[in-house]
Amino acid sequence: MPGELVRAVEAALFAATEPMTPQAIGAHLGGADVREALAEIAAHYEGRGIELVERGGRWHFQTAGDLAHLLRPEREDQRKLSRAATECLAIIAYHEPVSRAEIEAIRGVQTARGTLDVLMEAGWVRVAGRREVPGRPVIFATTPDFLAHFGLESRRDLPGIEDLRAAGLLDPVDDAFAALVDGDLTAAKDHATEAVEDAE
Amino acid sequence: MPGELVRAVEAALFAATEPMTPQAIGAHLGGADVREALAEIAAHYEGRGIELVERGGRWHFQTAGDLAHLLRPEREDQRKLSRAATECLAIIAYHEPVSRAEIEAIRGVQTARGTLDVLMEAGWVRVAGRREVPGRPVIFATTPDFLAHFGLESRRDLPGIEDLRAAGLLDPVDDAFAALVDGDLTAAKDHATEAVEDAE
Amino acid sequence: MNDADLAVIAAEPDPDWELLASPPSDHATPDKAALHLDLNGWEGPLDLLLDLARRQKVDLRTISILDLVDQYLAYIDRAGMMRLELAADYLVMAAWLAYLKSLLLLPHDPLVEPSPEELALRLQLRLQRLAAMRESGARLMARDRLGRDVFARGAPEGLRVDKRHRWTCEWFDLVAAYGQVKARSQPVVHMVRERPVMTLESALARVSALLGVALDWLDLRAFLPARSEAGFADPQLRRSALASSFVAALELAKQGKAEMRQAEPFAPLMLRAAR
């Protein structure tokens, strides 16, 4: 069973909002010499989930270092890249190295601050230096992880502009839509014409 | 030497900013069942300057009660609850859930507007729904924080609650009266009569 | 918790009363205590009654209600003598207690319901309940309280889960996104297709010319160019001619140069020169 002083020191350090010197602890406890008590407590906690440590003459309790991973576990969740981020990634992949301003010029819209961060967090984009032009803008390029994720041997495996055109991927959305609607429209028009002719 | 789980639970509770349920601790530690570990830790800390306590199903470490005189802040900054608020709190705790009208029936006076607010702001009392009687009055109950603050494992630990219940002092006057009339009204009447006779 | 609120509540003076004498001492005999007139801080008549009952120094179950009534009435009298404004509920309680006293002292009348003993018992029960809660409150406050007597960890590290996102993107989405960007940024040229139309002017000229030679009502469709005329085999141009001729007919009718009639909705639209 620990002695009164040991218990008091233990409680005082537990409740303290910052590390304390032995003098400060002693002063708090009516001027006692607490060094032995500190040593006893430190020994008691050895190997437990909590430890008493001294840093620069001040003592404090902390959780055992080897348990850090348990106290701050990482949880992974899958997230689909936003459309804006996907566009940025594609532009970087096709045009690298590119600056943020160039990305924006190609996309035609401003790129939100976090968008490039997300791509770097994902490990697909890295800062590839600075462009030697006024303002020395940061330039971005893809990483080997990018190639790995998309199953590409090299950037040359990305489909070319002509491939995209052939696949209809270069048609503006509106045209593609109009093409669809036009098809239907012809049929509808034929009906209308018939009606007029019937009337004649 | 404590086991890994015991160490982890100890560290988690030590690092936690709020009391935790065994479920919450377990969830944090990858779904482990921590109840045995909690019991082991509580036993280990018995008699030390710190103790592991359960309050309303949630666990936390705190300094031992008998060390209060050493740890109380010198600056006597004690906020004292008013008598009205203290009575309200007691009535809510011992009778919960209870309506404002029921509180007032016991105290014999109206409860000032701010009194219940103070208790709710302290986090000790909460609105616990409405009673399904005409007017649907709001009913009040205590919170887990109330148990933690007053060092109660559960409402069963409220000081003297069993005696009060046994003596019928937690029953409304009407019920108590009816019980007395059925049972030992004679005895009570004798008292009253004696009193009358004494006075005469 | 808000310190200020607690302080305010704790210090809240009861506006109905003022302190006239030192607080009652526990050592005072009941008689001496009855002379005290500490009206500060009573929380209503029941509170005052409970304090008076306590000074009988007996179990609340065996208090003398008559003594209690006397003491209460003495207090109220004394307050009256000192010209204190008494809150109404104290006076109501005084009146009720005086009535109870008379019932208790008079020979028992079995017709009076509820019996005075019953009333006295109810008062006693109420006082017991208030006393029980007051004591419980005091015992609660005297416990080792977190933050006053016992302390939680002063500087907890905190528990938190670090969320890490694993981003996913499909190859197709990547390539399609690039296609969209390119398509969006291509210069856009708007072309309006030329379509065969019969203008309103030519329809107007044609309809008014034909009206001049027509003798009687004619279907509007008779005014349209024949299919054999250049290009008028095209159904689109025929529809345009029909629409333009209709508008031309309306215009001529408006100018008073033509009359129009239709037997029923969707019946042939008939047209002739104004007479």
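Within every chain, numbering begins at 1; the chains are lettered A, B, ... in the order of the sequence lines, protein sequences first and strands thereafter.
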- prompt: Between Arg139(C), Glu135(C), Met133(C), Arg129(C), which has the largest tally of heavy atom pairs under 4.5 Å with chain B?
  reply: Arg129(C)
task: Output yes when a side-chain donor or acceptor of His149(B) lies under 3.5 Å from a complementary backbone atom of Leu146(C), and no otherwise.
output: yes
task: Sort His95(B) into side chain, backbone, both or neither according to what part of it lies under 4.5 angstrom from a heavy atom of chain C.
output: side chain
- prompt: For the candidates Leu169(B), Leu70(B), Asp66(B), which exhibits the highest count of non-hydrogen atom pairs separated by less than 4.5 Å from chain C?
  reply: Leu169(B)
query: Is Arg136(B) salt-bridged to Glu132(B), going by a charged N under 4.0 Å from an acidic O?
result: yes
- request: Using non-hydrogen atoms and a 4.5 Å limit, figure out which bit of Ala11(B) sits close to chain C: side chain, backbone, both or neither.
  value: neither
query: Out of Ala68(B), Ala90(B), Ala15(B), which one racks up the most heavy-atom pairs below 4.5 Å with chain C?
result: Ala15(B)
message: If you count heavy atoms of other groups shown closer than 6.0 angstrom to CD of Gln262(C), is the number above 12?
response: yes
field: Proximal component of Pro19(B), with respect to chain C [non-hydrogen, under 4.5 Å]
entry: neither
- request: Against chain B, work out which of Ala152(C), Pro116(C), Ser136(C), Ala155(C) has the most heavy-atom pairs shorter than 4.5 Å and name it.
  value: Ser136(C)
Can you give me every donor-acceptor pair (side chain of residues 153-168 of chain B, partner residue at least two apart or in another chain, under 3.5 Å) with its distance?
from	atom 1	to	atom 2	distance (Å)
Ser154(B)	OG	Arg156(B)	N	3.2
Arg155(B)	NE	Ala93(B)	O	2.8
Arg155(B)	NH2	Ala93(B)	O	2.9
Asp157(B)	OD2	Glu153(B)	N	3.0
Glu162(B)	OE2	Arg165(B)	NH1	3.2

task: Considering only heavy atoms and a distance below 4.5 Å, find which of Ala64(B), Gly123(B), Ala148(B), Cys88(B) pairs most often with chain C.
output: Ala148(B)
- prompt: Which of the residues Leu170(B), Ile50(B), Val109(B) is involved in the greatest number of heavy-atom pairs with chain C at under 4.5 angstrom?
  reply: Val109(B)
query: Between Arg143(C) and Phe150(B), is NZ or CZ placed under 6.0 angstrom from the six-membered ring centre and within 45° of the ring axis?
result: no
message: Taking side chain as everything from C-beta outward and backbone as N, CA, C, O, which of these in Leu125(C) sits under 4.5 Å from a heavy atom of chain B? Side chain, backbone, both or neither.
response: both
Basic-acidic side-chain contact under 4.0 Å: Arg122(C), Asp174(B): yes
- prompt: Can you tell which of Leu46(C), Asp144(C), Leu50(C) has the highest number of heavy-atom pairs within less than 4.5 Å of chain B?
  reply: Asp144(C)
task: Name the option with the most non-hydrogen atom pairs under 4.5 Å to chain C; the candidates are His28(B), Arg55(B), His69(B), His60(B).
output: His28(B)
query: Should Arg35(B) and Glu54(B) count as an ion pair when the cut-off is N to O under 4.0 Å?
result: no
